[in-house]
Amino acid sequence: MTLIHLRNVSRIYTPAHGPEVHALRDVSLEIDEGEFIAIVGPSGGGKSTLLNLLGLLDDPSSGEYLLAGRRAGRVNRSAAARLRSRHIAFIFQAFHLLERRPAIDSVGLNLLYRGVALRQRQEESVRALAAVGLKDAAWQNASTLSGGQRQRIAIARAMAGDARLVLADEPTGNLDSVNTELVLDELERVNRRGAAVVIVTHSPEVAARAGRVIRISDGAVVSDTRSSVPREASESMQPRHIAATPGDARTFLRVTDMVADAWASIASRKTQTLAQCVAVVIAVALSIITLGLSASADAQVSETFDAHLNREVTARWATGLPSSNPLADAPSAARAVAGVEAAAVVVDLAATAVSTDSVTAQVQPHMVVGDLEEAARVDIDEAPWHRGALQPGEAYIGDLLARDLELGDIALAPTVQVAGERYVVAGLITESARLPLLRGELLLGADAPGLDSLAPEATLLVTTLAGAAPQVASQLARAINPFAPDEISVVAPSDDSRLRVQIEAGVQATLIAFTLLALLVAIAALVNTTLMAVNARRAEIGMRKALGAKERDIGILIAVESVYIGVLGGIGGLFVGMMAIIAVTISQRWAPVFDVMLMPLAVLLGVVVSSAGGALASVRAARLRPAENLRAS
Ligand code: ADP
């Protein structure tokens with residue numbers, strides 16, 4: 001029975017550069033079921049082109065191809081893929097196995113693309129491996145097997161698929177004579193089981209084993225030893241129906257098969273997988289760091305506001321004005337306002353000479369009433385003998401002034417002369433956040449002499465509970481002087497909420513810009529690494545297609561691999577990002593802010609980045625033409 005009928009088939013290549021190549025010219029040829037054919041002839045004669053056409057890896061430029069009486073040439077690619085997975089097996093000089101994966105995976109590959117379930121795939125594969133004497137190698141890594149073993153695995157694949165047509169391109173080209181014999185024995189066995197075997201070969205010994213020899217030269221059949229009676233098949237050969245209908249095979253691969261195949265595939269290419277994961281890790285880690293730090297930085301901005309600006313109110317008035325409250329009462333009047341934590345009045349006295357025994361300086365002294373340390377955020381290094389508020393005859397002196405006056409150790413109670421009066425130094429002002437000049441000046445208690453030379457202004461410094469400053473500011477003037485509140489000017493950070501929002505938005509915008517940049521760089525890196533990976537896998541992808549993978553199957557394989565890499569990279573990036581956030585917040589003494597949403601977000605981000613990076617490669621891979629890429633290896 002005729003299996004294949006070629007009628008007036010030509011194949012013209014039209015390379016991008018250079019003239020057209022007439023690789024096959026008007027070839028007509030019939031192949032019967034169960035034939036064993038050798039195709040011989042000089043290099044460049046058109047043998048591989050013919051084999052590609054027979055295997056539906058390529059379309060004729062003109063002419064007709066009938067497979068079991070049905071038109072098979074120039075069907076659409078997915079129908080051709082289906083016919084290949086169902087009826088055609090390929091054996092290549094370069095073996096084309098799934099490297100670094102168990103041999104059994106390579107054997108069952110076209111059953112996979114036929115939609116056969118895992119258990120049945122494994123049973124068929126083990127049976128086929130047993131038939132070629134390699135049952136024990138089923139779970140062995142294909143890359144560790146010898147050339148002869150590898151080729152027998154390719155033959156086992158043809159057996160497992162129960163192919164009607166086995167196409168072999170120089171199958172013994174890489175083998176020594178012993179292995180050549182073994183492989184030919186196996187091919188004969190496949191042939192006896194009913195398959196038509198077509199071998200392209202340069203070897204006269206191989207050709208001698210064939211029942212029919214077709215010589216091709218310059219794109220034409222120059223001789224054909226076809227006998228009118230084809231060799232009888234002896235083992236279990238039954239006529240089978242060859243169909244191109246969709247019901248012949250599952251339209252979609254099983255999800256479990258796709259997922260398992262993709263996992264095995266990335267696991268078998270650890271270095272490439274690692275390179276791709278690293279790109280995702282960097283993108284996700286940078287995103288997590290910026291997101292995490294922006295939350296921590298926001299919290300820090302709020303805390304800083306609340307700690308300082310948002311808690312400070314200042315009131316000023318001219319001391320010469322008639323007032324219901326004597327000066328000394330102003331702090332306690334202010335403390336009566338709800339929300340006030342501390343209050344102190346500072347009055348500037350006229351600049352005067354301040355001197356020790358050896359040095360004299362012109363200094364502005366201040367008189368202070370109330371809780372200055374809290375209200376003005378002043379740190380005073382008190383003398384060990386001193387307790388409580390300033391007493392008459394005591395002074396605090398700025399540390400910078402003390403140095404200028406060569407004051408000496410305050411534990412020894414040194415004294416200074418101010419406007420002719422002697423004061424004991426009770427402490428050094430070492431920090432003064434609200435009144436920075438104090439470190440070069442002098443503070444006296446309320447009943448200091450010289451009050452008659454008051455400067456015209458008194459300043460009331462108030463600190464409030466967090467966020468209470470605006471409300472305290474609105475009540476403060478009336479509390480100090482209920483009769484003339486307008487005479488008192490009050491300053492509070494009224495616009496702080498807007499300022500806070502602005503600062504936060506500024507921080508956010510910077511961090512988001514960095515994140516986007518990081519994502520773009522990572523995607524660009526991934527496009528590059530994934531395209532390189534696909535390029536390195538051209539032969540494997542060509543082989544998968546030869547065995548029946550449709551464009552969609554290849555696209556999905558690369559996409560699922562990208563998702564795996566995204567998940568792995570996402571988890572890795574989350575870990576690295578978290579570590580970095582902890583390191584930064586600890587070094588800055590911020591409270592780290594972790595949002596649990598960062599965890600799923602990291603994985604999602606990894607998948608998005610990886611898929612975006614892999615999308616182009618996935619399309620490229622799906623479109624690879626098997627005929628050219630199988631030769632690429
Ligand atoms: P053989 O297998 O007998 O060595 P081929 O079938 O490989 O011969 O090639 C037949 C002719 O077609 C050669 O001249 C070859 O250079 C040319 N050829 C093969 N493939 C292509 C291609 N993809 N594009 C252009 N020319 C090609």
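Counting starts at 1 for both ligands and their atoms, following the listed order. Position 1 is the first residue of the sequence, and the numbers go up from there.
Using a 4.5 Å heavy-atom cutoff, the side chains of Leu568 and Val280 are not in contact.
Between the side chain of Asn174 and the backbone N or O of Gln93 there is at least one donor-acceptor pair closer than 3.5 Å. Side-chain atoms of Asp32 never come within 3.5 Å of backbone atoms of Glu35 as a donor-acceptor pair (strictly under, hydrogens ignored). For the pair Arg127 (side chain) and Met159 (backbone), a donor-acceptor distance under 3.5 Å is absent.
Proximity of Ala627 to ligand 1 is not established, as no heavy-atom distance is less than 4.0 Å. A heavy-atom separation below 4.0 Å is not found between Gly41 and ligand 1.
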Name the atoms and distances for all side-chain donor-acceptor pairs under 3.5 Å in residues 514-535, with sequence neighbours left out.
unit_1	atom_1	unit_2	atom_2	d
Thr515	OG1	Thr290	OG1	2.4
Thr515	OG1	Leu511	O	2.8
Thr529	OG1	Ala525	O	3.1
Thr529	OG1	Leu526	O	3.2
Thr530	OG1	Gln276	NE2	3.3
Thr530	OG1	Leu526	O	2.5

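Ring planes of His96 and Phe92: perpendicular class, angle over 60° (limits at 30 and 60°).
Counting only residues at least two apart or in different chains, ring pair (Phe, Tyr, Trp, His ring centres under 6.0 Å) contacts with residues 532-568 comprise Trp263-Tyr564.
Atoms of ligand 1 lying under 4.0 Å from at least one heavy atom of Ala23, given by number and element, are 10 (C), 11 (C), 12 (O). Of all atoms in ligand 1, numbered sequentially from 1 with element shown, those under 4.0 Å from a heavy atom of Ser43 are 4 (O).
Distances from atom 3 (O) of ligand 1 to the heavy atoms of Arg11, Glu20, His22, Lys47 show the closest one on Lys47. Residue nearest to atom 2 (O) of ligand 1, selected from Gly219, Pro42, Ser48: Ser48 (by heavy-atom distance).
Any N or O atom pair closer than 3.5 Å counts here, and Gly44 shares at least one such pair with ligand 1. Taking any N or O of Gly45, backbone or side chain, at least one lies under 3.5 Å from an N or O belonging to ligand 1.
The side chain of Val21, and not its backbone, has at least one atom closer than 4.0 Å to an atom of ligand 1 (non-hydrogen atoms only; side chain from C-beta on).
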